[in-house]
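Report on the structure given below.
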Amino acid sequence: MSEHTNNPAVEGHLGHEVHESHAVHHGHDDHAHHGHDDHGHHHKETFITKYIFSQDHKMIAKQFLITGMFMGLVGMMLSIFFRLQLGWPGQSMPILETFLGKWAPDGVLDPNFYLAAVTIHGTILVFMVLTAGLSGTFSNLLIPLQLGARDMASPFLNMLSYWFFFLSSLLMMVSLFVETGPASAGWTIYPPLSALPEASPGSGLGMTLWLFSIIAFIVSVLMGGLNYITTVMNLRTKGMSMTRMPLTVWAFLITATLGLLSFPVLLGAGLLLLFDRSMGTSFYLSDIYVSGQALEQTGGSPVLYQHLFWFLGHPEVYIILLPSLGITSEVLAVNARKPIFGYRAMIGSMLAIAFLSFIVWGHHMYVTGMDPLLGSVFTFTTLLIAIPSAIKAFNYITTLWKGNIVFTPAMLFAIGVVSLFITGGLTGIILADSALDVNLHHTYFVVAHFHIVMGVASMFGTFAGVYHWFPKMFGRMMNKKLGYLHFWVTLISAYGVFFPMHYMGLAGVPRRYYQNFEFFSGFSDLNMVISIFAIVGGLVQLVFVFNFFYSIFKGPKAPQNPWNSSTLEWTTPVKHLHGNWPGEIPTVHRWPYDYSLPNGEERDFIPQDEPLSEKEKQAEPAH
Amino acid sequence: MLLNLILLAVVLLAIITSARLLMVFQFAAELRGKKAHEISESENNMNALLTLLSLVGLFSMFFYLTAVYYNEKYIPGAASEHGVEVDSLLNLNFYVITLAFFITQILLMWFAYKYRYNKNRRATHYAHNNKLEMIWTVIPAIVMAVLVLKGLIVWNHTTNPDPDKNTLNLELYARQFDWTARYSGKDNALGKASYTMINEGNILGLISSDAIQEQLSIVRGDSLVTDSTVTLGFLPAEKLDQEKTRLRRLIHQIRTVAEFEYQFKSGTESYAASHDDVLVRDTIVLPVNRPVKLHMRAQDVIHSAYLPHFRVHMYCVPGSETYFAFKPITTTKEMKQKLNDPEFEYRLYCNNICGATHFNMMLPVRVVSEKEYAAWLAAKKTFDDETKTRLAKMGLKTNFANNH
């Protein structure tokens, strides 16, 4: 494989760098097909090594982003399919038959496919979009650029990480086309439903593909995570101490750590499920009678699976949310022209949230028959998370206070993240309480809660990141007017879809119901309104996709530092080159948030690589 | 097909047109000397204003939805003893989070509006303030401490109700896709059950001497149907595997049932508690003001017994038994009057995804006076009656019980 030839060259860079953080790199030029002749390797970047099997972190970031966007569109379409059924139950929708064929006979969604759509929507959004699409994109793009590194610690592993993600997405897509339908046991795939093809057609080949897809995904996350952590620990440029790192990098570091510690548990859970499915083991199966036969398996526990799953599942929530909060910190500070308020408290609260996220998984299981005492413990630990979360929310708000706020599309999305984080976070206080969760478990209240705080908030964080760093990724600007349209319609439809769901949940409407009974008929209007908001919200994402691809090719050229930001990524040339900086890697002299210092200068920011002025040296050298 | 092609063409045309338009706008802006990355004052002010307006929108939505949907009609007050406590705890939580919601959203959006960009102003470099941060660490901590404490008290009451000799033992049995309720009968004890005892007549797999006899006759008969190497030899490979699995499972089942037979015949177990159990599959009837302990089991996959009006919810897990105890305090009749809805019914829902018609898995629940309950139950056939009827149909003797 040709990409191997590239590898020593890159390692060569890094080898220099570790020893002398300002290694000089000659031979990089701005031309598209440049080589690494200075290292004595006869290597030309071909289309394949540059765009497909690339080892450049910037290209890999783009690969993650575009794959994530594609998967996001698929996930969104599935949600619109099931929203059509929920808004207008039983009504014939020819569009469903066009897209789904036999899964929507006469334009009415099949109940089995409804569950499949719900399942795959959840899986794609949680894993492919908000884990890989978000973390994969921005960790890859920003960690080396903001830390002053030439590339990731292991570019080859980084490339593999993307290709395992690609394989995972591919398997998930393939599972949509199998005869018995894709996995349909909910994205949490609780056994025995997911273990028994007799119990649900989706638990046949569809579930096998789901499991293999997730296994590939875990491999991808682990390779990516190892790389992110190693890079942050070892490849920071001279002067870039841990407490001078932008909060984005802190967020990515903590996220990668969470992933590294929790995803292997999901791998274990998935493997045991595979054994139960195909080898007759009974980890999760016990005393089951299905399709006229009593299975031999006894002694297993389906609840064991839930413990294992949620041991990943809860940290996963923060794997999704923290990068988005990191991006928000950065975008808020840059566009409010102020330092982020309480930098150290922000790091501390992220660490606290990350730690706590490992000891709260049981709050997903209050009604599984778990010992009530355990329920009390999990209530206590879960409600503790409210404290660091409150610190973050108030610090964001204070960052805006007395700022000089520039409303770029990215800034709007970042403010949206804070609003959604608060709205969704507050209902978490109710769900964390075991006594209250009993009646709300698996209702629309939960759907509302996690979509707002984790789904939409993180999606907004992703959008903020894309609008903010698009000039860095593609050297061009996105159209801001379309950005505004995208933001406002998305914000309105996000709240329009999920806010009313709280009320349905309080009335006891269960989630994952193909249709609601007469008992819930009072909500049929509301269901219709929700579906309309969902469709509008879905359509406006096409504006974003259009803006994105149009701007890659035809957007106005970006200046080097369009947002007057002080972080290192904006010191690299607009035109990408493998190795990031044409000359020496910049040295860092200050923290990343020197905005609007009262120093009498007209300029309201000082880049991180600018040495301290005489005055500053006298006053207080270290931040 | 043609329609789809035309549709595709229209979409493509729309994309190309938008792209062209955008290029024109972009060119025009460039001519006017505007830079793409700079936000003009009017754009900035407009977005600031919209941010402020979105606050109005958010709160209007909150008030409208609360006025219309947060009331007795949609969320009837709890019809169980612990549910009343749960409701008041929920209300307390709602006051707290609504207050926090208002304060934080107002601050956020107001600051965003007020401190919108002004070229004559410079942002205040304000990096941290330990006192402020301490305030918003300590206040949420105190509030959380109160909520945790209150929550745990209610949780304890919910999960550890005062013991009551009068408690009714009732089993909820879930399978794809229906519910069966089992009343414990005169002895108020639920008879033993095993999944290997399940057959078409005995869907809960209850064990009694007659049921053992019935099951043995069924499974032993089953095994003979294709149990010859000649038959197996003619099966295609895939079918052969299925048949092998079926036989393996059957042998396991016969062994287990034979063990029950042995236990019974040797006198170790009488399996008598199930005799007076009553199985109900159309409506659950509960006496008012009497504690009920629900024993939950499932046949095939995880189901979940959800009784929203009673604030009761518990998974039904294959392979183990789960419990939930509560005391209904409002009869169906009273609730109908209270809600002024003659159609009102309490209901039991399945609330854990369990397969295709999960959404349709429910059972009405009726809460009645003790007297009505007793009359209703007395009219029901016991498990023993039902088994004896089935055995008679199969031509088997029902005096198996006397064998030892």
Side-chain angles (χ1 to χ4, degrees), chain A residues 111-112 186 190 192-193 199-200 286-290 293-294 296 302 337-339 342 345 367-369 372 376 380 383 386-387 390 394 397 400-407 415 418 422 426 429-430 433-436 438-439 441-442 477 503 506-508 510 512-514 550 556 562 596-597, chain B residues 19 36-37 39 44 47 61 65 69 74-75 86 90 93 97 100-101 104 107-108 111-112 115-117 121-125 127-128 133 136-137 140-141 144 148 151-152 154-155 158-159 195-196 198 249 252-253 299-302 308 311 313-315 317-319 322 349 351 353 355-356 359:
Chain A
N112 267 317
Y190 284 176
L193 184 62
S200 158
S286 184
D287 298 10
I288 287 165
Y289 185 90
V290 69
Q293 297 181 20
E296 297 154 281
R337 313 306 299 156
K338 269 187 70 185
V367 297
T368 54
S376 314
F380 175 69
L383 284 172
I387 299 165
F394 282 112
I397 292 170
L400 295 185
W401 182 70
K402 290 204 171 177
N404 207 11
I405 299 168
V406 185
F407 285 92
I415 293 173
V418 181
I422 292 170
L426 286 172
I429 292 175
I430 287 178
D433 199 326
S434 50
L436 300 175
V438 167
N439 204 49
H441 184 87
H442 276 179
M477 305 299 299
Y503 297 84
L506 287 168
R512 290 169 178 161
Y513 267 26
Y514 172 68
Y550 170 86
S596 303
L597 278 171
Chain B
H37 60 280
I39 312 295
N44 212 56
N47 279 297
M61 181 168 63
L65 289 169
Y69 294 105
Y74 289 94
I75 313 165
V86 169
L90 186 67
N93 271 264
I97 69 168
F101 174 69
T104 47
L107 289 178
L108 175 72
F111 286 166
Y115 298 108
R116 65 194 182 278
Y117 187 77
R121 198 159 50 83
R122 195 179 174 89
T124 309
H125 184 91
H128 67 100
E133 286 171 84
W136 56 64
T137 309
M144 281 306 125
V148 168
L152 292 185
V154 178
W155 175 243
T158 308
T159 52
Y195 78 111
T196 51
I198 296 171
R249 287 172 177 171
H252 165 77
Q253 194 178 3
Q299 184 173 92
D300 33 38
V301 302
I302 296 178
R311 317 295 187 244
H313 196 180
M314 186 54 70
Y315 281 14
V317 183
T322 53
Y349 299 99
N351 197 358
I353 186 168
F359 67 96

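The basis for the numbers below is simple: all heavy atoms, side chains too, and nothing from hydrogens, waters or symmetry mates. So that the names make sense, note that chain A is the first sequence line, chain B the second, and so on, each numbered from 1.
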query = Okay, side chain of A:R337, backbone of B:H125: is any donor-acceptor separation there less than 3.5 Å?
reply = no
query = Is it the side chain or the backbone of A:Y190 that comes within 4.5 Å of chain B heavy atoms, both, or neither?
reply = side chain
query = When you measure from the side chain of B:W136 to the backbone N and O of A:A390, does any donor-acceptor pair fall under 3.5 Å?
reply = no
ask   = Given the side-chain rings of B:Y349 and A:H442, with only the six-membered ring counted for Trp, is the space between their centroids under 6.0 Å?
value = no
query = Can you check whether A:K402's main-chain N or O pairs, donor with acceptor, with B:R121's side chain at less than 3.5 Å?
reply = no
ask   = Taking the six-membered ring for Trp, are B:Y69 and A:Y503 parallel (under 30°), tilted (30 to 60°) or perpendicular (over 60°)?
value = tilted
request  = Verify whether one side chain among B:R116 and B:N44 offers a donor that lies under 3.5 Å from an acceptor in the other.
outcome  = no
query = Are B:Y195 and A:Y289 close enough that their ring centres sit under 6.0 Å apart?
reply = no
query = By a 4.5 Å heavy-atom criterion (distance strictly below it), what part of A:Y550 contacts chain B: side chain, backbone, both, or neither?
reply = side chain
ask   = Between B:T104, B:V317, B:L107, which residue shows the highest count of heavy-atom pairs closer than 4.5 Å to chain A?
value = B:T104
query = chain B: which of A:I415, A:I430, A:V418 shares the most heavy-atom pairs with it under 4.5 Å?
reply = A:I430
remark   = Applying a strict 4.5 Å limit to non-hydrogen atoms, the region of A:E296 in contact with chain B is both
note = Greatest number of non-hydrogen atom pairs under 4.5 angstrom with chain A, of B:N351, B:L90, B:V154, B:V148, falls to B:N351
key: Engaged part of B:Q253 at the chain A interface, taking heavy atoms whose separation is under 4.5 Å   = side chain
ask   = Of the listed residues (B:G355, B:A123, B:A112, B:G319), which shares the most heavy-atom pairs with chain A below a 4.5 Å separation?
value = B:A123
task = Using a cut-off of under 4.5 Å on heavy-atom pairs, state which of A:S200, A:A386, A:P339 scores highest against chain B.
result = A:P339
inquiry  = Quick check for you: among B:V301, B:N47, B:N93, which has the greatest number of heavy-atom pairs under 4.5 Å with chain A?
reply    = B:N47
task = Report yes if the side chains of A:N404 and A:S596 come closer than 4.5 Å at any heavy-atom pair, otherwise no.
result = no
inquiry  = Looking at chain B, which one of A:P111, A:P372, A:G369 has the largest number of heavy-atom pairs inside 4.5 Å, strictly under?
reply    = A:P372
request  = Heavy atoms only, distances under 4.5 angstrom: which of A:S434, A:P562, A:S376 has the most pairs with chain B? Name it, please.
outcome  = A:S434
query = Relative to chain A, which of B:T159, B:I353, B:T158 shows the most heavy atom pairs under 4.5 Å?
reply = B:I353
remark   = Answer key: most heavy-atom pairs under 4.5 Å with chain A among B:I75, B:T196, B:L108, B:L152 is B:L108
request  = Answer yes or no: are there more than 12 heavy-atom neighbours, outside B:H37 itself, under 6.0 Å from its atom NE2?
outcome  = yes
ask   = Where on B:H128 is there a heavy atom nearer than 4.5 Å to chain A: the side chain, the backbone, both, or neither?
value = both
ask   = Between B:H313 and A:H441, how do the two ring planes meet: parallel, tilted or perpendicular, split at 30° and 60°?
value = perpendicular
